[in-house]
Amino acid sequence: MVSRVIPVDPFDLVIFGGTGDLARRKILPGLYRRFCSGQMEDNSRIIGAARSEHSTEEFRQMVADAIAEFDPKSGTPEMRAEFLERLEYVQVDALGDAGWQDLAALMSPGRVRAFYFSVAPSLFGALAERLHTHGIADDQTRIVVEKPFGHDLASAKALNADLAAHFDESQIYRIDHYLGKETVQNLMAVRFGNMLFEPLWNAQYVDHIQITVAETVGVGGRGEYYDKSGAMRDMVQNHLMQLLCLIAMEPPAKFDHDAVRDEKLKVIRALEQVPLQDVVRGQYLAAGADEPGYLEHVENADSKTESFIAMKLRVSNWRWAGTPIYLRTGKRLKARSSEIAVVFKETPHSIFGADAGRHRNVLTIRLQPNEGMDLFVTIKEPGPGGMRLVDVPLDMTFAEALGPDAEDVPDAYERLIMDVIRGNQTLFMRGDEVEAAWAWADPLIASWEERGDKPVAYESGSTGPEEALALMHRDGRRWREIRA
Ligand code: NAP
């Protein structure tokens, strides 16, 4: 298979917060990989902008160090040197007037102009405003904003209003890096590019759907931020909700940004409110003296914030009535693993008798590790001894099926930044989607906060609280193994 890298138009990309953690770990190494793949035209430039004083040389060294640390294998020393030549640095204060004229002077006419807001959301409004007052943004300018997009519906609306005061919705790219994953897009290809799955993709044939995003890390290092947020706000309202939308949405008329996002929005609006008995919230316990528990990590012995959440959702529409969707996400779990599983119903009648056991087709979509899909089908166990059945996976691991091409699959940030330059918003959240997700999440959060519910404890390195297992067991179902 021949790899097809299509260069994007020449661009000036300004990264506000260019010296920050996200820029160093993800954005700049990602841009470097796109450069190595030949996707950046010769005259494209990347401009780091932050409050501290640095020379362009110092910024280039910082990026060289970041690449050496986070992506030591890509490219050659020559490529690295060439990439660093594309970088500039400008000292700009989002909240003051210092530096803005320098930034304006750096902008080149006739190129795509994009501004990545890799800074605290409290600075989004100020950045949007100053880009305009200093004449740096025009109708074609794009801005990229990072999560968290609001803390609740009111704050998300306020953020949307701040951005809308200066930019049209078609210029705003709200990033959710889960949507940039290769498998997530493949999910749409599998659903809407094949005849095989779509006819079965409904409550008549699907027993239930499970979405798991399990992490092994705790909240150490970002305890103060996390304790104000929790798994519901940090993961469910955005990442898991987006995955749910792609799994449950109706086929859009075309693969176009508004058509796809219209369908996702309908799913969020069709979500029923979740009763508290269908929610399990947990906090991880310490694992020995060296591995503190959640309460020690956030330095708040009375914290009622969850580091784990599991819940059962219902989508009230014709397609999904009667088929629950179970979500689960947490920290300090057994393995780092993100997976969607579509569990089909059993055959209506087994011609092989009771001894053959119960079997179901399951389509699993793995986001990490080893992005890929498995379709479990039931076959005869090989060998003599009668008709014994066994479920085996038809493995669709991309690395194997696509050969060397799969190695150049861009990571989520790279792909999404290239989409910004191309002006393709399909994989970005629209303002009304974000607001609808908060409108769904807010009453649920309020209901446990009003009751003063405290999350239940769970062992570090486990699959979460026992109560989460019971949530499934009481429906005669069970979670899939969390496996690395
Ligand atoms: P960070 O490490 O604290 O970096 C913040 C950046 O913002 C620094 O470059 C800082 O520059 C700059 N900055 C702060 N105040 C400024 C001002 N008044 N004017 C101009 N620049 C200013 O933060 P981060 O972890 O990179 O996160 C950035 C954003 O991405 C946040 O919204 C965060 O929630 C989001 N995010 C981060 C991650 C992650 O993995 N880190 C993941 C998802 C989302 P100075 O040091 O010079 O002030």
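For ligands, and for the atoms within them, numbers begin at 1 and follow the listed sequence. By convention here, the first residue in the shown sequence is residue 1.
- Taking only non-hydrogen atoms, the option from Ser118, Gly18, Gly17 nearest to atom 28 (C) of ligand 1 is Ser118.
- Between Arg233 and Asp152 there is no salt bridge, since no side-chain N of the basic residue sits under 4.0 Å from a carboxylate O of the acidic one.
- In the vicinity of Val92, heavy-atom distances shorter than 4.0 Å reach the ligand 1 atoms 19 (N), 20 (C).
- For atom 9 (O) of ligand 1, the closest non-hydrogen atom on the protein side is Thr19 OG1, 2.7 Å.
- With Tyr226 as the aromatic partner, Lys228 does not meet the cation-pi criteria of under 6.0 angstrom to the ring centre and within 45 degrees of the ring axis.
- Interface of Asp93 with ligand 1, defined as ligand atoms under 4.0 Å from a residue heavy atom, comprises 17 (C), 18 (N), 19 (N).
- Here Arg51 has heavy atoms under 4.0 Å from ligand 1 in both its backbone and its side chain.
- If you look at Tyr458 and Phe308, their ring centroids are closer than 6.0 Å.
- At least one cation-pi condition fails for Arg174 and Phe428: the charged atom is not both under 6.0 angstrom from the six-membered ring centre and inside a 45 degree cone around its axis.
- In Glu53, the CD atom is not crowded: 12 or fewer heavy atoms of neighbouring residues, nucleotides or ligands sit closer than 6.0 Å.
- For the pair Glu433 and Asn238, the minimum side-chain heavy-atom distance is 4.5 Å or more.
- Residue contacts with ligand 1, taken as heavy atom pairs separated by less than 4.0 Å, involve Leu123 solely via side-chain atoms from C-beta onward.
- In this structure, atom 30 (O) of ligand 1 is in close contact with the protein, since a protein heavy atom lies within 4.0 Å of it.
- Heavy-atom proximity to Pro121, at under 4.0 Å, picks out these atoms of ligand 1: 32 (O).
- Here the protein heavy atom with the shortest distance to atom 41 (N) of ligand 1 is Asp21 OD2, 2.7 Å.
- Near Ala94, with a cut-off below 4.0 Å to any heavy atom, the atoms of ligand 1 are 17 (C), 18 (N), 19 (N), 20 (C).
- Among protein heavy atoms, atom 34 (O) of ligand 1 sits closest to Lys147 O, 3.1 Å.
- Using bins of under 30°, 30° to 60° and over 60° for the plane-to-plane angle, the ring pair Trp100/His134 lands in the parallel bin.
- Per-residue contacts place Pro148 under 4.0 angstrom from the following atoms of ligand 1 (heavy atoms of the residue considered): 34 (O).
- The single protein non-hydrogen atom nearest to atom 47 (O) of ligand 1 is Ser52 OG, 2.3 Å, given as residue, atom name and distance.
- Considering Arg191, Lys264, Gln185, Glu263 in turn, Lys264 is the only one that fulfils the side-chain contact (heavy atoms from CB on, under 4.5 Å) rule with Leu246.
- Counting only heavy atoms of the protein, atom 4 (O) of ligand 1 lies nearest to Gly20 CA, 3.3 Å.
- Residue-to-ligand polar distances keep Ala49 apart from ligand 1: every N/O pair is separated by 3.5 Å or more.
- Annotation: Leu22 places an N or O atom under 3.5 Å from an N or O atom of ligand 1; distance criterion only.
- Where the criterion is an N or O separation shorter than 3.5 Å, residue side chain and backbone included, Val119 meets it with respect to ligand 1.
- Classification of the Phe16-Phe117 ring pair by plane angle, with boundaries at 30° and 60°, yields perpendicular.
- Residue-level proximity to ligand 1 for Arg25 is carried by the side chain, the only part with a heavy atom below 4.0 angstrom.
- Residue Ala50 has no nitrogen or oxygen atom sitting less than 3.5 Å from a nitrogen or oxygen atom of ligand 1, judged on distance alone.
- Remark: the backbone N or O of Lys304 is not paired with any side-chain donor or acceptor of Trp448 at under 3.5 angstrom.
- Looking from atom 44 (C) of ligand 1 to the surrounding protein, the closest heavy atom is Glu146 OE1, 3.2 Å.
- In this structure, Tyr178 has its ring center closer than 6.0 angstrom to the ring center of His239.
- At distances below 3.5 Å, not a single donor-acceptor pair connects side-chain atoms of Arg261 with backbone N or O atoms of Gly431.
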